[in-house]
Amino acid sequence: MQRRDFVLGALGASALSYLAPTLAAMAAGGEPIPYGTCIRTDPLFGDPAYQKAVLDYCQVVGSEGNLKWGDLRPDRHTFNFEQADQLMAFAEEHGLEMRGHTLAWYGAMPDWTNEIASADEARLELTSHIRSVVGRYKGRIKSWDVVNEPLADHPKPGDLIRESVWQKYLGADYIELALRTAAETDPEAQLVINDYDIEQATDRGRARRKALLDLLRDLLDRGVPLHAVGIQGHLHGAVPIDSSGLTSFVAEVKAMGLAILVTELDVIDNELPADIAERDAAVAECARQFLAAIGAAARPERVLTWGITDQHTWVPIWFSRGDGLPNRPLPLDADFKPKPLMDVIQEFTHSFS
Ligand code: 9MR
């Protein structure tokens with residue numbers, strides 16, 4: 001399948017105006033977009049079926065938790081790289097690329113970081129952490145989600161940046177500091193800002209797209225090192241996707257000279273029908289619209305889902321179903337059988353080749 005068919009199938013004629021600049025690239029052909037997943041190390045090393053699925057389907061992996069502060073930093077003076085090292089070794093042994101997630105986030109912070117009490121201390125902790133972590137995997141982790149979810153959940157003028165210990169003491173400047181420190185530590189690494197809920201056809205979705213574009217423009221205008229935007233893609237199956245808004249957003253990001261990655265795709269299905277076939281079809285169609293809208297403006301460099309099997313997903317922690325049925329947000333079911341979502345991903349990643 002060619003990209004044009006994929007895009008047109010999902011978007012219809014309204015997408016045509018975005019296609020023209022990309023036809024030459026299509027004709028040139030190329031490799032399929034590398035696909036991958038974030039990894040939980042327990043099943044990776046404890047369940048042969050999980051490991052087999054990763055090896056069968058993936059060219060790239062990330063870590064669901066092992067590179068976050070909560071896992072790496074049991075206390076202020078200690079780094080625990082054991083799990084992250086094991087995943088890195090697995091990736092290298094099997095020729096998989098590994099992405100880094102994440103260096104500056106509000107979430108998964110160990111309690112001791114609440115003791116940070118000044119701008120100087122925040123600067124010191126953030127920069128020394130980034131130097132240690134990026135330095136350890138220098139030349140091996142080639143792409144980092146340096147700043148994760150910098151936007152306020154519902155950005156408003158004057159209130160664009162999400163609260164965190166970094167924002168509390170350094171304001172929005174923590175973003176620049178994190179990026180500059182990562183660039184100094186590994187000048188070859190791709191530096192990414194990663195965020196969610198930018199595809200929705202809602203006022204909030206529009207506000208988030210605008211806030212992210214404003215943030216990117218400001219950083220680039222000031223010469224801050226930044227190479228790509230990670231569109232997470234935790235899609236809400238029952239919330240319409242703003243296809244043209246998303247395509248325009250990607251076109252603007254591309255015009256800034258930044259690459260696009262899909263970093264955490266899954267489809268939150270708590271409000272979708274109970275019937276399995278209907279639900280799986282709705283999940284796949286939602287992802288198809290999302291990918292098509294992105295693909296209409298740019299070839300994303302990577303497509304990663306946030307997990308590969310419904311057996312291991314964060315979704316029920318926040319979005320369990322009222323009817324008690326298990327969530328089905330990912331490309332393989334709980335028995336590792338491919339679902340329509342896997343077909344959509346494979347069609348999309350191959351539509352560029
Ligand atoms: O899926 C992750 C879950 O297992 C963790 O408990 C949680 C806190 O570390 O983070 C989840 O991953 C999030 C990711 O790091 C950033 N985007 C949203 C993801 C889902 O909540």
Side-chain angles (χ1 to χ4, degrees), residues 36-44 46-47 50 54 60-74 80 83-84 87 98-114 129-130 133 141 143-155 161-167 175 178 192-200 204-205 208 212 228-237 239 260-270 283 287 290 302-320 326-332 334:
T37 177
C38 73
I39 297 287
R40 292 186 178 172
T41 39
D42 279 356
L44 184 71
D47 178 357
Y50 180 97
V54 170
V60 42
V61 292
S63 163
E64 187 164 356
N66 298 134
L67 285 165
K68 291 174 181 171
W69 281 67
D71 275 36
L72 286 180
R73 305 299 305 279
N80 179 359
Q83 302 277 308
L87 178 55
M98 174 139 146
R99 299 203 62 251
H101 176 89
T102 175
L103 300 166
W105 189 30
Y106 75 95
M109 293 296 278
D111 286 347
W112 66 262
T113 55
N114 293 326
H129 178 89
I130 291 175
V133 179
I141 292 184
S143 176
W144 272 103
D145 295 337
V146 178
V147 183
N148 194 39
E149 303 174 359
L151 298 182
D153 196 52
H154 193 152
I161 302 299
R162 183 187 289 274
E163 286 178 15
S164 68
V165 66
W166 314 122
Q167 173 272 345
I175 298 169
V192 182
I193 289 186
N194 194 44
D195 220 319
Y196 68 96
D197 280 1
I198 57 163
E199 59 281 334
Q200 298 176 356
R204 180 169 158 269
R208 290 179 67 77
L212 189 48
V229 171
I231 301 179
Q232 291 187 0
H234 292 293
L235 310 179
H236 287 258
V239 179
I260 292 280
L261 294 85
V262 174
T263 50
E264 305 186 15
L265 179 60
D266 53 19
V267 182
I268 297 165
D269 63 337
N270 60 330
V283 161
F290 168 76
R302 303 286 180 268
V303 173
L304 281 85
T305 47
W306 204 240
I308 191 164
T309 160
D310 293 335
Q311 203 184 119
H312 298 287
T313 163
W314 70 286
V315 168
I317 305 173
W318 287 58
F319 299 104
S320 64
N327 296 97
R328 299 175 64 85
L330 288 167
L332 304 181

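Just so you know, ligand 1 is whichever comes first in the structure, and atom 1 is the first atom listed for that ligand.
The closest side-chain heavy-atom distance from L67 to I141 is below 4.5 Å. For the pair R99/N194, no side-chain contact is recorded, criterion being any heavy-atom separation below 4.5 Å from C-beta on. Side-chain contact between Q232 and W306 is absent, with no heavy atoms from C-beta onward closer than 4.5 Å.
Evaluation of the ring-ring contact (aromatic ring centres under 6.0 Å, His included) rule for W69 yields H129, W166 as partners, not counting sequence neighbours. Applying the salt bridge (Lys or Arg N to Asp or Glu O under 4.0 Å) rule to E64 yields the partners R40; only residues at least two apart in sequence or on another chain are considered. For D71, there are no salt bridge (Lys or Arg N to Asp or Glu O under 4.0 Å) partners, not counting sequence neighbours.
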Considering only N or O atoms, set out every pair between ligand 1 and the protein closer than 3.5 Å, with distances to one decimal place.
residue  : atom   : partner : partner atom : Å
ligand 1 : 1 (O)  : E64     : OE2          : 2.5
ligand 1 : 1 (O)  : W306    : NE1          : 2.9
ligand 1 : 4 (O)  : E64     : OE2          : 3.0
ligand 1 : 9 (O)  : K68     : NZ           : 2.9
ligand 1 : 10 (O) : K68     : NZ           : 2.8
ligand 1 : 12 (O) : K68     : NZ           : 3.4
ligand 1 : 12 (O) : W306    : NE1          : 3.1
ligand 1 : 15 (O) : K68     : NZ           : 2.7
ligand 1 : 15 (O) : H101    : NE2          : 2.7
ligand 1 : 17 (N) : E149    : OE2          : 2.7
ligand 1 : 17 (N) : Q232    : OE1          : 3.2
ligand 1 : 17 (N) : E264    : OE1          : 2.7

